[in-house]
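These notes concern the structure reproduced below.
In each ligand, atom 1 is the first atom listed, and ligand 1 is the first ligand listed. Below, all heavy atoms of this structure are taken into account, side chains as well, without hydrogens, waters or symmetry copies.
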Amino acid sequence: MTALTPKTTGPDMTGSMMTGRHFLNVRDLSGAQLRRILDLATEYKTALKAGRTSTSMAGRSLGIIFEKPSTRTRVSFDVGMYQMGGHTVVLAPGDMHLGRGETIPDTAQVLSRYVDAIMLRTDDPSKMHALAAHATVPVINGLTDDTHPCQIIADIMTFEEHRGPIAGRVIAWTGDANNVAASFAEAAIRLGFEFRIACPASMPPAAWLTTWLKNPGETATGGKVTVMEDPKAAVTGADCVVTDTWTSMHQEGDGLDRHSLFAPYRVDEALMALAKDDALFMHCLPAHRGEEVTDPVMDGPHSVVFDEAENRLHAQKGVLHWCLLGDA
Ligand code: CP
Ligand code: NVA
């Protein structure tokens, strides 16, 4: 009979202590911690492109729970874990007892006995915080109604690959001041760039973000967030122009005439021409071509949207490594 091999990796099978650390929001991390994740992401990308195999997640499993649709987040976490020698279990609430009344604290404690980390995409961030409070393994924010931190690690990585350090640069956001914009704003403060948000006066950034910006803790030199109504003012002289859908997943059917409200914020060639000559165009995708961005911009010389999508894969390897393996 073969002797059982002791488990040398994976969750603490007693469930008694937290192993690793959560990645819930950009604002929870210091500038140095964000920089470490970005460096790790680049190391993983370089290794993959050179054909070197990673085993850093060997024996480890990641549970990924989606309460909303996803293409990029789902595929990039799943393939990323595979490429690191690990494994994912993809879960939809309808497949789990979570979807029929098992509590988040109970689900957190059960999953912590099986998997080494949990990624959650959900609506209400309080669900994510409840999961994190009761899990003994790291929880990763795969998007909530409020924030999308994994996206912003990929976005900064993409900017820096094309244009060098983001510190001191100007990133202009035009359109809905949504969850992606909020994580970008948090990153501006921690990493020292200017983030200009152009949005309708009737649809300002979320109150929680405005409150946080008044007292954000660590602020890197040059880190600031400005909010304005005029997209032209925001984009003029910018190093990068960013937008996102006018209707996020949680805003569908909210009764607002979003098309009329946001039409002046569409990124077209005329708006892009106000940015620096070598400005980048970024979009987290999925894009609604002809709404927030025109085809000539999406497919034009400034656009790095597919590099950005690819970098979700590499960025999240940095996040997983940081959560599970530490800074080394
Ligand atoms: N950008 C992003 O998170 O895409 P998905 O919704 O497809 O995961
Ligand atoms: N703001 C968008 C991002 C999708 C990746 C949403 O929440 O639907």
Side-chain angles (χ1 to χ4, degrees), residues 23-26 41 62-81 88 90-93 118-125 127-128 140-159 171 173-187 195 197-200 203-206 208-209 241-254 256 258-259 261-262 265-267 281-289 291-293 298 303-320:
F23 180 77
L24 301 183
N25 280 302
V26 169
L62 172 70
I64 53 180
I65 306 172
F66 287 97
E67 293 192 327
K68 298 185 186 195
S70 168
T71 299
R72 281 143 287 267
T73 306
R74 176 178 172 147
V75 177
S76 56
F77 267 110
D78 198 357
V79 172
M81 274 300 280
T88 51
V90 184
L91 302 158
I118 305 166
M119 190 235 77
L120 174 68
R121 169 169 286 194
T122 189
D123 47 9
D124 185 345
K127 292 188 191 172
M128 175 189 75
I140 297 171
N141 178 354
L143 180 147
T144 70
D145 290 359
D146 281 6
T147 56
H148 196 3
C150 290
Q151 182 67 53
I152 273 17
I153 301 294
D155 289 4
I156 292 166
M157 181 180 185
T158 307
F159 181 89
I171 311 297
W173 178 279
T174 168
D176 189 22
N178 64 14
N179 45 4
V180 179
S183 289
F184 233 131
E186 295 175 8
F195 188 59
I197 303 175
C199 57
M203 302 196 67
W208 70 262
L209 179 65
V241 178
V242 196
T243 192
D244 187 13
T245 179
W246 294 339
T247 311
S248 286
M249 291 179 269
H250 61 287
Q251 297 162 334
E252 284 161 5
D254 67 2
L256 290 173
R258 293 177 169 273
H259 202 274
L261 272 168
F262 290 117
Y265 296 87
R266 174 179 297 119
V267 184
F281 171 73
M282 298 210 290
H283 189 311
C284 65
L285 307 182
H288 302 76
R289 288 168 175 263
E291 293 191 12
E292 73 272 8
V293 58
M298 267 287 282
S303 177
V304 290
V305 297
F306 299 113
D307 292 344
E308 191 184 351
E310 177 190 326
N311 280 339
R312 294 292 304 280
L313 175 72
H314 313 298
Q316 287 154 196
K317 288 181 182 175
V319 170
L320 285 162

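Between M249 and ligand 2, an N or O atom pair is found at a separation short of 3.5 Å. For N178, a nitrogen or oxygen atom sits less than 3.5 Å from a nitrogen or oxygen atom of ligand 2, counting backbone and side chain alike. Not a single N or O atom of T245, backbone or side chain, sits closer than 3.5 Å to an N or O atom of ligand 2. In terms of polar-atom proximity, defined here as any N/O pair under 3.5 Å, S248 does make such a contact with ligand 2. The shortest N or O to N or O distance between T247 and ligand 2 is not below 3.5 Å. Of the polar atoms of L143, none of the N or O atoms is found under 3.5 Å from an N or O of ligand 1, judged by distance alone. Inclusion of R121 in the set of residues having an N or O under 3.5 Å from an N or O of ligand 1 is warranted.
If you number the atoms of ligand 1 from 1 as listed, the ones under 4.0 Å from a heavy atom of L285 come out as 1 (N), 2 (C), 4 (O). Listed by atom number, the atoms of ligand 1 under 4.0 Å from C284 heavy atoms are 1 (N). For ligand 2 and L143, the ligand atoms under 4.0 Å from any heavy atom of the residue are 3 (C), 4 (C), 5 (C), 7 (O). Interface of R312 with ligand 1, defined as ligand atoms under 4.0 Å from a residue heavy atom, comprises 1 (N), 2 (C), 3 (O).
Using modelled atom types, one side-chain atom of R266 and one backbone atom of E291 make a donor-acceptor pair closer than 3.5 Å.
In the candidate list T71, N179, D145, T73, N179 is nearest to atom 7 (O) of ligand 2, counting heavy atoms. Distances from atom 4 (O) of ligand 1 to the heavy atoms of E308, R74, R72, Q151 put R72 nearest. Nearest-heavy-atom check against atom 3 (O) of ligand 1 across H283, H148, M249 picks out H148.
Side-chain atoms of N178 and D244 include a donor-acceptor pair closer than 3.5 Å.
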Starting from the C-alpha separation in whole Å, work towards a yes-or-no answer on salt bridge (charged side-chain N to carboxylate O under 4.0 Å, His left out) for D123 and K127. CA-CA 8 Å; D123 47 9; K127 292 188 191 172; 3.0 Å; yes
For H288 and W246, what are the C-alpha separation, side-chain angles and deciding distance, and is it a ring-ring contact (aromatic ring centres under 6.0 Å, His included)? CA-CA 9 Å; H288 302 76; W246 294 339; 8.9 Å; no
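What sits closest to atom 3 (C) of ligand 2 on the protein, heavy atoms only, is D244 OD2, 3.6 Å. Of all protein heavy atoms, the one lying nearest to atom 7 (O) of ligand 1 is T71 N, 2.6 Å.
Side-chain contact check for P69 versus M249: some heavy-atom pair is nearer than 4.5 Å.
Taking CE from M128 and OG1 from T122, the interatomic distance works out to 9.0 Å, rounded to the nearest 0.5 Å. Taking CG of L313 as the start and OG1 of T73 as the end, the distance is 11.5 Å to the nearest 0.5 Å.
Among V304, V242, V293, the one residue that satisfies the side chain to side chain contact (heavy atoms under 4.5 Å, CB included) test with F281 is V293. Of the options R72, M157, K317, a side chain to side chain contact (heavy atoms under 4.5 Å, CB included) to R312 is made by R72 and by none of the others.
Counting heavy atoms closer than 4.0 Å to ligand 2, residue L285 contributes backbone atoms (N, CA, C, O) but none from C-beta onward.
Smallest separation of non-hydrogen atoms from F262 and P200: CE2-CD, 3.5 Å.
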